[in-house]
Asker: 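One structure coming up, written as structure tokens, with questions to follow.
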Amino acid sequence: MKEKHVVFLKPDSRARKIFNFLVHVGIWGVVIFSMLYTWKYPEMVKRIFPELDLPKVSLANILQALIFVSLVLYVFRFFKRMIIRWVDKHPQEDKSVFYSLVKLIGYIGWIIALWGMLSFFGLKLQNLAIVLGALSVGVGFGMQNIINNFVSGLLLLFERPIAVGDWIQVDGQEGVVKNIRIRATELETFDKSSVLIPNSSILSGNVLNITKPNKSGRIVFRVGVSYDSDMNKVHQILKDCVQKTDGVLQSPAAMILMNDFADSAVVFEIRAYIKDVNNTLSVRSALMFAVWNALQENGIEIPFPQQVVHMKK
């Protein structure tokens with residue numbers, strides 16, 4: 001299998017950047033419009049939250065809040081870029097640790113930005129607790145799945161059972177982890193498709209991480225030889241083929257086993273360890289070619305089942 005090079009948080013395409021910018025502008029527009037509407041018609045809000053003390057909001061407060069949020073996000077984004085550049089210059093480092101750090105810095109930046117924005121608007125933490133308390137029931141039922149995936153995403157970042165670049169199998173899907181998002185983990189399959197798997201499914205399900213803690217693995221295949229062959233010679237031939245194949249580890253040593261006395265052949269099984277599981281298919285193919293050529297050169301037959309068909313006149 002061809003080795004896959006994992007790109008660590010590289011910038012997206014221009015179209016993706018424009019789309020993200022428009023989405024952020026739309027979100028902030030909705031937030032600002034909602035706040036202006038709330039404080040322009042306070043009597044409607046008072047009916048819903050009678051204990052809520054609404055502050056006075058002016059255009060100056062809004063501008064100050066926007067400037068503060070922009071500066072905070074810019075500073076934290078600057079630190080994230082510095083970490084990314086450092087990691088790109090040191091490819092030998094474990095990228096998964098710094099990936100978790102970058103994600104954590106992003107979350108902290110958004111928390112500080114939102115807290116500062118509410119402070120500029122004069123919204124006290126006591127008032128915020130009242131709103132969250134009133135909405136807790138709805139959040140508990142309507143957003144339970146989202147919160148579960150968000151918390152699961154944080155656990156994945158801190159515990160790191162999987163990391164960006166790992167080759168995993170989960171829920172019948174197999175591929176390389178490209179991104180661990182707030183709600184779901186992005187998996188790139190080997191046919192270049194993108195699959196989003198909820199973070200809660202990864203924590204609660206059975207996940208096979210093929211490349212952790214290292215990329216070494218094992219290949220297993222069988223080959224049958226005719227009963228009139230010299231079995232000791234066959235064993236030595238298979239052993240030589242394993243030792244001469246590039247990518248196969250000498251330690252731990254490969255195992256050459258006589259596996260079965262089948263109907264038409266004596267079946268040998270080769271169990272060899274390889275250095276990088278990303279090269280599984282190529283190493284396996286090279287070893288099978290070597291075995292085939294070696295057996296042909298030594299006149300050892302690989303039999304196959306034959307059927308005799310009788311046709312009535």
Side-chain angles (χ1 to χ4, degrees), residues 1-6 91-92 162-163 165-177 187-193 195 205-313:
M1 181 173 297
K2 187 177 180 180
E3 184 176 358
K4 303 182 75 66
H5 298 279
V6 179
Q92 72 279 4
I162 63 172
D166 285 351
W167 175 5
I168 67 171
Q169 295 178 357
V170 55
D171 290 341
Q173 300 291 340
E174 181 178 359
V176 178
V177 177
L187 194 68
E188 183 183 274
T189 62
F190 294 112
D191 58 1
K192 295 300 181 181
S193 299
V195 180
N206 296 323
V207 180
L208 175 61
N209 196 329
I210 299 175
T211 55
K212 187 176 182 179
N214 53 61
K215 292 185 177 181
S216 62
R218 189 180 70 171
I219 56 176
V220 178
F221 76 90
R222 297 179 178 180
V223 59
V225 297
S226 61
Y227 274 92
D228 56 358
S229 303
D230 185 345
M231 300 305 165
N232 293 323
K233 184 177 181 180
V234 171
H235 184 275
Q236 186 60 43
I237 291 174
L238 298 180
K239 185 177 180 181
D240 293 339
C241 290
V242 170
Q243 293 177 348
K244 295 178 181 179
T245 303
D246 293 335
V248 178
L249 295 175
Q250 301 302 319
S251 179
M255 300 179 64
I256 313 298
L257 307 173
M258 184 181 289
N259 185 268
D260 188 21
F261 295 112
D263 293 337
S264 58
V266 177
V267 180
F268 283 82
E269 184 176 86
I270 300 176
R271 299 182 179 183
Y273 292 91
I274 60 177
K275 184 178 181 180
D276 191 346
V277 291
N278 291 312
N279 302 325
T280 299
L281 296 181
S282 60
V283 175
R284 178 187 175 92
S285 177
L287 181 56
M288 294 183 69
F289 268 109
V291 170
W292 172 268
N293 293 330
L295 293 179
Q296 293 294 316
E297 291 174 359
N298 288 273
I300 297 176
E301 179 186 2
I302 301 179
F304 56 90
Q306 298 183 6
Q307 296 180 349
V308 178
V309 180
H310 298 277
M311 301 184 66
K312 295 183 179 180
K313 295 182 179 180

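Below, each value reflects all heavy atoms present in this structure, side chains not excepted, and no hydrogens, waters or symmetry copies.
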Asker: In Å, rounded to the nearest 0.5 Å, how long is the span from NZ of K233 to CG of L238?
Answerer: 12.5 Å
Asker: Looking only at heavy atoms, which two atoms of V242 and Q250 are closest? And how far apart?
Answerer: O-NE2, 4.4 Å
Asker: For a quick test of reading the model, state the closest non-hydrogen atom pair linking G175 to F190 and the distance between them.
Answerer: CA-CE1, 4.1 Å
Asker: Is a donor on one side and an acceptor on the other found under 3.5 Å between the side chain of T211 and the backbone of W167?
Answerer: yes
Asker: Please step through side chain to side chain contact (heavy atoms under 4.5 Å, CB included) for the pair Q173 and Q169, ending with a clear verdict.
Answerer: CA-CA 6 Å; Q173 300 291 340; Q169 295 178 357; over 6 Å; no
Asker: In the structure I gave you, are the side-chain heavy atoms of V234 and V266 within less than 4.5 Å of one another anywhere?
Answerer: no
Asker: Assess whether atom CG of N293 is packed by more than 12 heavy atoms of other residues, nucleotides or ligands within 6.0 Å.
Answerer: yes
Asker: Which atom names give the shortest non-hydrogen contact between P303 and A265, and what distance separates them?
Answerer: CG-CB, 3.4 Å
Asker: Is the count of non-hydrogen atoms from other residues, nucleotides or ligands lying under 6.0 Å from F289 atom CZ greater than 12?
Answerer: no
Asker: For the backbone of C241 and the side chain of T245, can you confirm whether one donor and one acceptor N or O come within less than 3.5 Å of each other?
Answerer: yes
Asker: Is the count of non-hydrogen atoms from other residues, nucleotides or ligands lying under 6.0 Å from M258 atom CE greater than 12?
Answerer: yes
Asker: Please report the shortest heavy-atom distance between V220 and R284, naming the atom on each side.
Answerer: O-NH1, 2.7 Å
Asker: Are L187 and V177 close enough, and set up right, to give a side chain to side chain contact (heavy atoms under 4.5 Å, CB included), and what steps lead you there?
Answerer: CA-CA 5 Å; L187 194 68; V177 177; 4.0 Å; yes
Asker: Check the side chains of S226 and S229 for a donor-acceptor pair under 3.5 angstrom, ignoring hydrogens and angles.
Answerer: yes
Asker: Using 0.5 Å steps for rounding, measure from the CZ atom of R271 to the CZ atom of F221.
Answerer: 13.0 Å
Asker: If you measure from CG on D191 to CD on E174, what distance do you get to the nearest 0.5 Å?
Answerer: 10.5 Å
Asker: What are the two closest non-hydrogen atoms of A294 and N298, and how far apart are they?
Answerer: O-ND2, 2.7 Å
Asker: Test side chain to side chain contact (heavy atoms under 4.5 Å, CB included) on M231 and V225 and set out the steps.
Answerer: CA-CA 9 Å; M231 300 305 165; V225 297; 4.0 Å; yes
Asker: Going through the checks in order, is the side chain to side chain contact (heavy atoms under 4.5 Å, CB included) test met by F268 and L257?
Answerer: CA-CA 6 Å; F268 283 82; L257 307 173; over 6 Å; no
Asker: Under a 3.5 Å cutoff, is there a donor and acceptor pairing between the side chains of Q236 and D240?
Answerer: yes
Asker: CD1/I162 to CG/L208 distance, rounded to the nearest 0.5 angstrom?
Answerer: 12.0 Å
Asker: Minimum heavy-atom separation for V277 and I274, please, with both atom names.
Answerer: CA-CD1, 4.0 Å
Asker: Out of curiosity, I237 CD1 to I300 CD1, how far, rounded to the nearest 0.5 Å?
Answerer: 3.5 Å
Asker: CD of E301 to CG of L295: how many Å apart, nearest 0.5 Å?
Answerer: 11.0 Å
